[in-house]
**Q** 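Before we start, here is the structure in question, set down as C-alpha cells.
Every chain is numbered from 1, with letters handed out A, B, ... down the list of sequences.
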There are 4 protein chains.
Amino acid sequence: MHREHTGRRRNEAARQDILDAAAALIADPAGAAVTVDAIAARAGVGKQTIYRWWPSKYAVMLDALLERARADVVETGDGTLAGDLTAFLVSSFAGAERGRAFLTTAAGLAQSEPAAREMLEQFTRRRREALRGLLERHGVTDPGLLVEQAYGVLWYRLMLSHEPLDRGSAERLAVLLTRQAVI
Amino acid sequence: MHREHTGRRRNEAARQDILDAAAALIADPAGAAVTVDAIAARAGVGKQTIYRWWPSKYAVMLDALLERARADVVETGDGTLAGDLTAFLVSSFAGAERGRAFLTTAAGLAQSEPAAREMLEQFTRRRREALRGLLERHGVTDPGLLVEQAYGVLWYRLMLSHEPLDRGSAERLAVLLTRQAVI
Amino acid sequence: MHREHTGRRRNEAARQDILDAAAALIADPAGAAVTVDAIAARAGVGKQTIYRWWPSKYAVMLDALLERARADVVETGDGTLAGDLTAFLVSSFAGAERGRAFLTTAAGLAQSEPAAREMLEQFTRRRREALRGLLERHGVTDPGLLVEQAYGVLWYRLMLSHEPLDRGSAERLAVLLTRQAVI
Amino acid sequence: MHREHTGRRRNEAARQDILDAAAALIADPAGAAVTVDAIAARAGVGKQTIYRWWPSKYAVMLDALLERARADVVETGDGTLAGDLTAFLVSSFAGAERGRAFLTTAAGLAQSEPAAREMLEQFTRRRREALRGLLERHGVTDPGLLVEQAYGVLWYRLMLSHEPLDRGSAERLAVLLTRQAVI
DNA sequence: CAATAAGCGAGACGGTACGTCTAGTCTTATA
DNA sequence: TATAAGACTAGACGTACCGTCTCGCTTATTG
C-alpha cells in the first residue's frame, strides 16, 4: 500500500482508505473484530489520523456504513399500484440483503449511540417517505401503517429472525399490502 | 446482603441476585457502566459464579432483559379473529412499550454479540409462534407474513422510528391484518 | 480408584493418597501446576478432606515433601577421613539428585512460608549435624565452615546453577575438603 | 506523579518507576501483596506497559530485585591470592547481607517460576565468572569447585541456615579456600 | 437395633489476582 | 503541518486458584 503525502492539507485518499477498511472489517464474513487498531492497520494509517477526523470509533463505522447504504433503491413498475409496489419492495429487499451486514451493524450501534441513532433515523425516514410518496401517487389514503408494515418486515428479518430477504417474499408482501390498501 | 449457601446445588438466590443486579445497572438512570465486576459486586457474588452459568456478559444482560419481558402477553378477545387479534396486539404493544429500554438494549446487543443474538432469536421465535397459533386457530392459511408484519411494526417503532406503541395503533393494525387474512 | 469408607474415623488411605498425589504433582516432569483442585482430583478426594486435615496447600506440599526426603543417607567408607567423607558426600549427592524436585520445591516454599522455613531448617540441621559428627569422629577441629562448604555446594547446584550432583563432583569435593581439614 | 511522554520510544522513566514500585512493595514492612495492579497503580502506569516489557509479574520482581543487588562487589586486595580472595568474599558477604531480603525472595521465586529461574541463573553465573576470573589470574587450576564452595556457603546461609554473613566468616572461608587451591 | 456422630466426595460459592484486549491520547520522526 | 508508528493510561474482560460451605452418603459408635 502506497499513498502520497499531501503535506498540510487533509489527505483525502487516507480518508477513503479508512472508510474502506472499516467497511471491510464490518462486512468481514469471518467476523473479525472491528477495532481501531485493525482499521488503522488495514488502512495503512496511524491511529491519530483516525482520531483527528472522527470523534470515536463509532463515528467512523457509521460514516463507512452510511456511505455504503446510500445507493437509492427506488424503481418503478408498470404503473399500477400492485406493480409499482412490487417493484419497490423487490428492489428494497434485494438492496437490504446486499447491505445486510452494514444495516444490522448500523442499527445495532444506533440502539446505544445517540449519534448513530440520529443518522439512522434520518436514513430510514427518507426511505419511508419514498414509499409513502409512491402510495399517495396511487391514491392510497392513510398510508402510514402500510409503510411501517413493509419496512417492519424488512428490518425484522434483518435484525431478529435473520431470514433471507428474497424476491418471493417481497412479491407476496406486495400482494398482501395491495389487498389491504384503501383507495 | 446475606444469602444462604446451598452446597453443591446451584444457588437459585444468587442467580436471581445476578439478574436483578444486571437489570438495575442496565436501567440505571445515571448511566452506570454495565461491567461484570459491577454486576458481581452489586449482586454480592464472585465473578466466577457469573461465568459458571453464563458464557459472557452479554448473555447475562440478555437473560436479565428477557426475564423482564417474559410477562406473557397472550390475551384473548371475543373469539372472533378481529377481536382476538386486537387483544393480542394491544397487549403486545403495551408490554413492549413498558419494556422499551430493555428490548432495544437487547436487540442492539444482539446485532454484534452472537450469544445475545441466539437468545433473542429464541425469545422472538416463541412470540411469533404464539401469534401464528392464534391465527391458525382462526383458520388463517399461511399466516407467516402476517406475523412478520405485526412484530415488524412493533420492533420498527421500538428501534428505528421510535414512535410510541399506543393502543390506537395496535387496534388499527389488527384491522388491517384482518383485512389481509385469507381464511 | 476405589477406597473403603472408614465411617467416623480418619481415613488413613485418603491421607496417603493425598500426599501421593501432591508428591506426584510436585515431581511431575511436565511441570503440572500444583493446585489444590489437582491434588484432590488426582487423589480422588473432596477438597474439604484436604482442608479438614491440613491448614493450607503449602502444609500439604511440605508434608508430602518431607515424607519423601526422610530417607537417611549416611553411609560409611573405609574408616579414613578421606574415605568416609567421600562415601558421605557421594551418597548425599546421589540422594539429593534423586529428590531434586522435592528439595528445590521445599526450599522455594521456605523462602516465603514461615512454616516451611522452620521444617526445612530442622531438616537441614540434622544433616549438618550428621556430617559434623563424622568430621569430629576423625578429629577435625572446627568443622563448622567445612560442613557449610559441603552442603553449600550441594544446595547451590540444586537451586541456583542447576548443575548435576554427580559422583565425580562429590569425590573431587571430598578431596578438596580433606586437604583443607586441620586435624 | 508526573512523567513526560516520549512518543514512540520506550519511556525509560516509566521503566524505572515500575521497578521502584515493585521494589517498594517487595520490601514493604506491612507485607503488602505484590500484585501487578498494585505495582501499576504505585508506578502510575497502565498494566499493559508492564506486560509490554516483562513477560510476567515474576520477571518484573526479579528485575527489580537484581537491580538492587547489581552493585558490583569486585574489590581487589593486596595482590596476593589470599588477600584478593579475602577482599572479594568480604565484600560479597557484606553485599549479600545488605540485600538479604531481595536475594532470598528472588531465589524463592526462581524455584517455581521458570522466568525467574532464568534471570537468576544469569545473575549468579556472572558472579561465578567474576570469582573464577580472580582465581585464574592467580594461576589457580580448576577453580570450579572453589567458586561453588564460596557461593555455596553464601547462599546456604541466606536460604537455609539463616546465619549471618559476617566479615569473620568471609575471612576464614578465604583462608580455607586458599589452602585448597592448587597453583 | 435404632439414633447419632463424624468423615467423605462432590462441587458451588466469594474473593482476589492474573494476563489480555481495546479505546483514546500523546510524542517522535518523516515527508 | 499532516502523517505513520507505536508507547502510553485506563479499565473491562474472562480465567485460575484459594479456602469455605452445604449436600447427600457411608460407616462406626452409642444408647
**Q** Tabulate atom names and distances for all N/O pairs under 3.5 angstrom spanning the protein and nucleotides 2-5 of chain E.
**A**
none

**Q** Measure CZ/R3(C) against C1'/dA10(E) and give the value in whole Å, please.
**A** 13 Å
**Q** Closer to the 5' end of DNA chain F via nearest nucleotide, is it T6(C) or A38(B)?
**A** A38(B)
**Q** Side chain of H5(B): nearest nucleotide among dG14(F), dC8(E), dC21(F)?
**A** dC21(F)
**Q** Among residues at least two apart in sequence or on other chains, which ones pass salt bridge (Lys or Arg N to Asp or Glu O under 4.0 Å) with E4(D)?
**A** none
**Q** Which residues satisfy the salt bridge (Lys or Arg N to Asp or Glu O under 4.0 Å) test with E118(C), sequence neighbours excluded?
**A** none
**Q** Sequence neighbours left out, what passes salt bridge (Lys or Arg N to Asp or Glu O under 4.0 Å) with R117(B)? Give chain and number order.
**A** none
**Q** Output all residues satisfying side-chain contact (heavy atoms from CB on, under 4.5 Å) with T49(A), sequence neighbours left out; order by chain, then residue number.
**A** I18(A), V45(A), R52(A), W53(A)
**Q** Looking at the base of dA16(F), is there any donor atom on it, or on the side chain of Q48(B), that sits under 3.5 Å from an acceptor on the other one?
**A** yes
**Q** Under 4.0 Å between a side-chain N/O of T49(D) and OP1 or OP2 of dA7(F), yes or no?
**A** no
**Q** What is the separation between atom NE2 on H2(B) and atom C1' on dG14(E), rounded to the nearest whole Å?
**A** 13 Å
**Q** Could you say whether R9(C) or V36(B) is positioned toward the 5' end of DNA chain F, judged by the nucleotide with the nearest heavy atom to each?
**A** V36(B)
**Q** Roughly how many Å is it from CD1 in I50(D) to P in dC18(E), rounded to a whole number?
**A** 9 Å
**Q** Return the value, rounded to whole Å, for the distance between atom CG of D17(A) and atom P of dA4(F).
**A** 9 Å
**Q** Using the side-chain contact (heavy atoms from CB on, under 4.5 Å) criterion, which residues pair with A59(B)? Sequence neighbours excluded.
**A** W54(B), P55(B), S56(B), M119(B)
**Q** Does some side-chain heavy atom of L65(B) sit less than 4.5 Å from a side-chain heavy atom of L103(B)?
**A** no
**Q** Rounded to the Å, how far apart are D37(D) CG and dG15(E) P?
**A** 17 Å
**Q** Measure distances between side-chain N and O atoms of K47(B) and base N and O atoms of dG14(F), and say whether any donor-acceptor pair falls under 3.5 Å.
**A** yes
**Q** According to a strict under-4.0 Å criterion, is T35(A) in side-chain N/O contact with OP1 or OP2 of dT22(E)?
**A** no
**Q** Just grab all the salt bridge (charged side-chain N to carboxylate O under 4.0 Å, His left out) pairs involving residues 21-34 of chain A, residues at least two apart or on different chains.
**A** none
**Q** Go through the structure and list residues passing side-chain contact (heavy atoms from CB on, under 4.5 Å) with A33(C), not counting sequence neighbours.
**A** T35(C)
**Q** Of E4(D) and G46(C), whose nearest nucleotide on DNA chain E comes first from the 5' end?
**A** G46(C)
**Q** Roughly how many Å is it from CZ in R10(B) to P in dC23(F), rounded to a whole number?
**A** 17 Å
**Q** Could you tell me if the side chain of L160(D) sits less than 4.5 Å from the side chain of E121(C), heavy atoms only?
**A** no
**Q** Side-chain contact test, heavy atoms from C-beta onward, threshold under 4.5 Å: evaluate it for L158(D) versus R100(D) and give yes or no.
**A** yes
**Q** Could you state the atom-to-atom distance from CD1 of I39(D) to C1' of dT9(F) in whole Å?
**A** 17 Å
**Q** Applying salt bridge (Lys or Arg N to Asp or Glu O under 4.0 Å), can you list everything that pairs with K47(C), at least two apart in sequence or on another chain?
**A** D37(C)
**Q** Taking only residues two or more places apart in sequence or in another chain, which ones pass side-chain contact (heavy atoms from CB on, under 4.5 Å) with R8(C)?
**A** none
**Q** Please list residues of residues 19-27 of chain B whose heavy atoms come under 4.0 Å from any atom in DNA chain F, ordered by number; otherwise none.
**A** none
**Q** Listed in order of residue number, which residues of residues 51-59 of chain C have a non-hydrogen atom at under 4.0 Å from DNA chain E?
**A** R52(C), W53(C)
**Q** If you measure from CZ on R42(C) to CG on D17(C), what distance do you get to the nearest 0.5 Å?
**A** 11.0 Å
**Q** For V34(D) and N11(C), find the nucleotide of DNA chain E closest to each by heavy atoms; which residue's nucleotide sits nearer the 5' end?
**A** N11(C)
**Q** For the pair made of CZ in R42(D) and P in dA17(E), what is the distance, rounded to whole Å?
**A** 16 Å
**Q** Which nucleotide in the list dT15(F), dC8(F), dC25(F) gets nearest to the side chain of A14(D)?
**A** dC8(F)
